[in-house]
Amino acid sequence: MLFRNLKKSSLNFIGKHFASILVNMLCGSLKITEHNKEIIESLDEKNQNYVLAFWHGKMIAPWYLFRNTNSSAIISISKDGSILASILEKWNYDVQRGSSNKGGKEVLESLILSAQNGKNVLITPDGPKGPIYKMKAGAVITAKKSGVPIIFTSVFNKKKLVLKSWDKFEIPYFFSEVKIKYSEPYYIDKNLSYDETDKMINTLENVLIDLENDLEKNC
C-alpha cells in the first residue's frame, strides 16, 4: 500500500511538472494566426471582460493565448483535470475545480462572480465529459447573469494528433499552423425565461459549430 501511494504521488508530480514544460514548449513553437482579433482588442481597450467559449477537444491553443489575461477557468475534478489545472495556474488563471456533477452550482456561482468582478471567463461548453460539440448551460448562464458578452472561438489545427477520446482531443504538432477565429460578442438578455435560455443555448451551439466549419473550409 505504501509503495502504491508513493508511486501514485510520483506519477502525479511528474505529470504536473513535466506536462507543463512540454506544453509550454509545444505552444511556443506553434504558428498561431488569429482571425477577427480586433474584436478581442476592442473589448480589451474598453476594459470590457467577456466569456470565451471553445470546444473541449481543441483547448490547447486558446488556453495558451489567454494566459496572463486576468482570466478564470473551470476545470474538472479528475486526474487529467489536476494536470491541466496545474498548467493553467502557472499561466496565472484563477482556476475553479468542479463539473456539472460535482460542485457545479457552486463553481458556476463563482464564475459569475469572477465575471462581475472584471475577470474573463474561459469555458469549454461541451466538457468535461461530453457529448462532443453539445453545448451545456455554463457559458451562457455565466454571460446572462453577469451581463458580460460571450465570444465563441473556433480552432483549426492544421497538423495534429487526434486522440481516441470522447472529445477527439487534438494535439497540434510542434511548429505546426493553428488558426483561431473569434465570433462577434453576444449579449444574453438577463430577463430570458428558462425555456428561452434553453433555446438560446441551442442557437449559440450552432453559432460555434458554424464558426468551426467556416474556419476549416477557409484554411
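Along the sequence shown, the residues carry numbers beginning at 1.
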S.K.: When rounded to the nearest 0.5 angstrom, what distance separates CG in L43 from CD in E38?
M.R.: 11.0 Å
S.K.: At what distance, to the nearest 0.5 angstrom, does NE2 of H56 lie from CH2 of W166?
M.R.: 5.0 Å
S.K.: Which other residues belong to the hydrophobic cluster containing Y194, where Ile, Leu, Val, Met, Phe, Trp and Tyr are joined when side-chain heavy atoms lie under 4.5 Å apart, directly or via other members?
M.R.: none
S.K.: Angle class for the W91/Y64 ring planes (parallel below 30°, perpendicular above 60°, tilted otherwise)?
M.R.: perpendicular
S.K.: Is K160 atom NZ crowded by more than 12 heavy atoms from other residues, nucleotides or ligands, each under 6.0 Å away?
M.R.: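 Above 12, so yes.
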S.K.: Is a donor from one side chain sitting under 3.5 angstrom from an acceptor on the other, for T203 and K199?
M.R.: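 T203 vs K199: no donor-acceptor pair found between side chains.
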S.K.: Could you tell me which non-hydrogen atom of N157 sits nearest to which non-hydrogen atom of P172, and how far apart they are?
M.R.: OD1-CB, 3.8 Å
S.K.: Check the orientation of Y133 and W55. Use parallel for under 30°, tilted for 30 to 60°, and perpendicular for over 60°.
M.R.: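 Tilted: the ring planes of Y133 and W55 meet at 30° to 60°.
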S.K.: Using a strict threshold of under 4.0 Å (side-chain N to carboxylate O), is an ion pair present between K168 and E170?
M.R.: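 No, this pair does not count.
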S.K.: Tell me whether F174 shares a hydrophobic cluster with I87, the cluster being built from Ile, Leu, Val, Met, Phe, Trp, Tyr side chains joined at under 4.5 Å.
M.R.: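 Hydrophobic grouping puts F174 with I87.
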S.K.: Of the options N218, D214, T153, which is the one that meets K181 in a side chain to side chain donor-acceptor pair (under 3.5 Å)?
M.R.: D214
S.K.: Between T142 and I112, what is the shortest heavy-atom contact and its length?
M.R.: CA-CG1, 3.9 Å
S.K.: The test is salt bridge (charged side-chain N to carboxylate O under 4.0 Å, His left out); show your working for E177 and K159 and say whether it passes.
M.R.: CA-CA 7 Å; E177 293 183 37; K159 295 182 179 180; over 6 Å; no
S.K.: Looking at side-chain heavy atoms only, is the closest gap between M59 and L84 below 4.5 Å?
M.R.: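 Yes, close enough: below the 4.5 Å cut-off.
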S.K.: For D126 and K136, what are the C-alpha separation, side-chain angles and deciding distance, and is it a salt bridge (charged side-chain N to carboxylate O under 4.0 Å, His left out)?
M.R.: CA-CA 6 Å; D126 58 341; K136 297 176 183 175; over 6 Å; no
S.K.: Is the closest side-chain donor-acceptor distance between D195 and S193 under 3.5 Å?
M.R.: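 No, because no side-chain N or O of D195 sits under 3.5 Å from a partner of the opposite role on S193.
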S.K.: Does S29 use its side chain to pair, donor to acceptor, with the backbone of L26 at less than 3.5 Å?
M.R.: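 Such a contact is found between S29 side chain and L26 backbone.
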S.K.: To the nearest 0.5 Å, what is the distance between CG on N36 and CD1 on I180?
M.R.: 12.0 Å
S.K.: Rounded to the nearest 0.5 Å, what separation is found between the CG atom of L211 and the OH atom of Y182?
M.R.: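 Going from the CG atom of L211 to the OH atom of Y182 covers 11.0 Å.
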S.K.: For a quick test of reading the model, state the closest non-hydrogen atom pair linking P62 to V155 and the distance between them.
M.R.: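 For P62 versus V155, the nearest heavy atoms are CG-CG2, 3.6 Å.
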S.K.: Let me confirm one number: the CG-NZ distance from L192 to K144, rounded to the nearest 0.5 Å.
M.R.: 5.5 Å
S.K.: Can you tell whether the side chains of E212 and K58 come within less than 4.0 Å, N to carboxylate O?
M.R.: yes
S.K.: Decide whether Q96 and S110 meet the rule of one side-chain donor and one side-chain acceptor closer than 3.5 Å.
M.R.: yes
S.K.: Is it the case that the side chains of N120 and N49 hold a donor-acceptor pair, with the cut-off being a distance below 3.5 Å and no angle test?
M.R.: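 Short answer, no.
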S.K.: To the nearest 0.5 Å, what is the distance between CD1 (I83) and CD1 (I75)?
M.R.: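 One finds 12.0 Å between CD1 of I83 and CD1 of I75.
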S.K.: Would a distance-only check, ignoring hydrogens and angles, find a side-chain to backbone donor-acceptor pair under 3.5 Å from Y93 to W63?
M.R.: yes
S.K.: Would the distance check show the side chain of D94 and the main-chain N or O of S72 forming a donor-acceptor pair, the cut-off being under 3.5 Å?
M.R.: no
